[in-house]
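Remarks on the structure that follows.
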2 protein chains.
Amino acid sequence: MAAKSSIRPTYAVISKAAGVSEATVSRVLNGDENVHPDRIKAVQDAVAKLGYKKHRAASSLASGRTGLIAVVIDDDLSIFSDPFWATVTSGISRVLMENDLQTLLMVANLDSLDGPVAHSLQGGEVDGAIFFQLHKDALVKRLVKQRLPMVITGTPHTSNDFVFVDTDNFGGAHEATNHLFSRGCSQVAIITGDIETTAGRQRLDGYNQAYRKSGHVPSKHLIAEGDYSFESGKAAMKRLLDQVESLDGVFACNDVMALGAIAAIEEAGKVVPDHVKVVGFDDSLLAQTSRPTLTSVRQDIVALGEAAANLMIAQLRGEDAQPCILSTELVVRESA
Amino acid sequence: MAAKSSIRPTYAVISKAAGVSEATVSRVLNGDENVHPDRIKAVQDAVAKLGYKKHRAASSLASGRTGLIAVVIDDDLSIFSDPFWATVTSGISRVLMENDLQTLLMVANLDSLDGPVAHSLQGGEVDGAIFFQLHKDALVKRLVKQRLPMVITGTPHTSNDFVFVDTDNFGGAHEATNHLFSRGCSQVAIITGDIETTAGRQRLDGYNQAYRKSGHVPSKHLIAEGDYSFESGKAAMKRLLDQVESLDGVFACNDVMALGAIAAIEEAGKVVPDHVKVVGFDDSLLAQTSRPTLTSVRQDIVALGEAAANLMIAQLRGEDAQPCILSTELVVRESA
DNA sequence: GTGGATGGTGAAAGCGGTTTCACCATATCG
DNA sequence: CGATATGGTGAAACCGCTTTCACCATCCAC
């Protein structure tokens, strides 16, 4: 038994100080309605005076609630280069902390239905889990069945069963594409992200719809697939420039690929935005520091995290949580 | 009492299945030496067969150990734009998980000695804490006194008392500066980071020493102070160009400022690297995607996290943990 | 062969909360 | 006015694991 660094007061102490039973202390501290105001006050005073703080482990053991929410991140490439998840996580963490919940971070490969993460989540070690960018939803589906409260950040493939929050990928892409047309472009290409992901798919859909609405017809030649990396953006742009001579606008599904595209355009001896206009997505730091600075679709990433946390809290309260789509905003800079 | 989603086996079940007492089950599961091999096997078999997993809360309550390590991040600007901490954290998290410890994420303002974070840490809710970039060490000092195992990521100001891991800021800056001289520069400036931080100070020291070793004398005019932001880098560079006509090299203490510097240089009508060579620090994604691509000092950020986690684990085991400095590597690209 | 280490074990007492249950007051009803 | 709900309360069981303690074997030395 590890020596306790300091002797914390327990219910025994509080109840004595307040002149009530431990049961009543518990009632007060858990917001039970049926306690006489006088005793509520007595307990609260004692708690304040003695600087009492509940012992999490003891509370968990007795109640079955841990006060822990897992934030589960697939152990993927993107994490190491993209500040996105860090920002979302900080939003989540803040809201959870305000609600007296703690954030348990799990970075791991989620393919296995049997890894340590899966065990933790199934083993009742947490009260809920917030997932990021789902590639495979086998694990999540199972957890839903076990009635673990969950929130997905990013739209899942089979959306009906899950509670999720997401940026309005469709709307953002739509606006980006429209912007290029309104700037006078007539041949607008798209460099997609991974279209296996819903975000990638939705951005492509937004592009397509904007294209059709503009009266133009989106040609297959104008669609190049990327994977969110700089190199893929550059390569895709090279292909596009080769195939479509009159190309004068491109919407890249993230900022990194947009920079790749700009690199390719300049290597081809053309100038951004004079010859080809470029719009990115994310409005990351890159968009502000690149030259030319990048017009980009901004998403409120912190808000995304906060929304995820709030949906989780709603579920824990037993309220029913509706999926939530956050709107985007186009930030116009030099590139388009 | 929340209904348990599934009935987990308990010691009662295991001990019956293995034909031993619960005490012995506990001994086996906690690696007690003095148990007969036959019983160890019996228990292990029962555990495997029944898919037993320890109940964390119960274990914590009884043992006083929570199995939780806090990763504490000051609620600062940098977090939202810099992927640095995310990467470190993922390294930490991985190592902790491999050692059956969990990562509790706390993003909060650490100025107050009395906030929720301080309470959690002091209240025995975690077995240890890993801090990032310390600005104020009042809280940390207090926790050290309370004998909470701690690791600081980044060199603390008063280093003697703490266990910490850090990148070799001095060495990296030294190498960067040397590189500029070896490329033929003679007037090499530095754009420092926040020199209130030890990292900022060490990088400046490395620059100074490299300068002296080269036989040149570092002039005060060659030192411009920045704050790690793009704008500060740009402004600093503008000042430097105004003051030192013959300037032909600059070492910026991070990549973002290096990009700011490049922007200022080009605005002044000069060319990188022909007229002025630039070296950054971090080797972030920015360094690879900027144009010209950026020569930068690379630090192994994941390793930094892993080292921090390993130092924590060593402390938990009662071994004494020595501070640890990770070496850097200069990645040469177009800018210098 | 006896006394004292030593290894191996189980019963039982916690750890610090939560929750059930029985109980005593009042308040409400017919 | 007796019978029945209702609010408020404390005693005690319990959550699942850890650890102390007492105890019984052995094993060793003398």
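What you see is a predicted model, and the numbers here were worked out from it, not measured in a lab. Every heavy atom of this structure was used, including side-chain atoms; hydrogens, water molecules and symmetry mates were not. Below, chain A is the first sequence line, B the second, and so on; all start at residue 1.
- Checking C:dG17, C:dC15, D:dT18 against the side-chain heavy atoms of B:Ser63 singles out D:dT18 as nearest.
- Between the NE2 atom of A:His36 and the C1' atom of C:dA25 there is a distance of 13 Å, given to the nearest Å.
- If you take CG of A:Asn34 and C1' of C:dT18, they are 16 Å apart, rounded to a whole angstrom.
- OP1 or OP2 of D:dT9 sits under 4.0 Å from a side-chain N or O of A:Arg39.
- OP1 or OP2 of D:dC17 has not a single side-chain nitrogen or oxygen of B:Ser60 nearer than 4.0 Å.
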Validation: residues 318-325 of chain A side-chain donor-acceptor distances under 3.5 Å, sequence neighbours left out:
unit_1: A:Asp320; atom_1: OD2; unit_2: A:Gln322; atom_2: NE2; d: 3.3

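- Contact check for B:Tyr52 versus B:Val25: no side-chain heavy atoms found under the 4.5 Å cut-off.
- Look at CD on B:Glu125: it is 14 Å from C1' on C:dG17, rounded to the nearest Å.
- Summary for the helix from C:dG1-D:dC30 to C:dG30-D:dC1: the axes at its two ends, each from 5 pairs, differ by 30° when rounded to the nearest 10 degrees.
- The shortest side-chain heavy-atom distance between A:Thr198 and A:Phe164 does not fall under the 4.5 Å cut-off.
- With rounding to the nearest 0.5 angstrom, the CD1 atom of B:Ile301 is 12.0 Å from the OG1 atom of B:Thr153.
- Between B:Arg27 and B:Arg39 the shortest side-chain heavy-atom distance does not fall below 4.5 Å.
- The shortest side-chain heavy-atom distance between A:Leu68 and A:Glu125 does not fall under the 4.5 Å cut-off.
- Here B:Glu22 contributes atom CD and B:Leu29 contributes atom CG; the two are 12.0 Å apart, rounded to the nearest 0.5 Å.
- Note: CZ (B:Arg8) to P (D:dC15) measures 14 Å, nearest angstrom.
- With rounding to whole Å, B:Lys53 atom NZ is found 11 Å from D:dC17 atom P.
- Taking every heavy atom of residues 11-33 of chain B and every atom of DNA chain C, pairs under 4.0 Å involve B:Val20, B:Ser21, B:Ala23, B:Thr24, B:Arg27, by number.
- Separating the CG atom in B:Leu304 from the OG1 atom in B:Thr87 is a distance of 10.5 Å, to the nearest 0.5 Å.
- When distances are taken from the side chain of A:Arg65 to each of D:dC17, C:dT19, C:dT9, the shortest belongs to C:dT19.
- As a whole-Å value, the separation of B:Asp38 CG from C:dG7 P is 18 Å.
- You'll find that the side chain of B:Leu61 is closest to C:dG16, out of D:dT9, C:dG16, D:dT18.
- Taking the side chain as every heavy atom from C-beta outward, A:Thr103 and B:Met106 never approach each other to under 4.5 Å.
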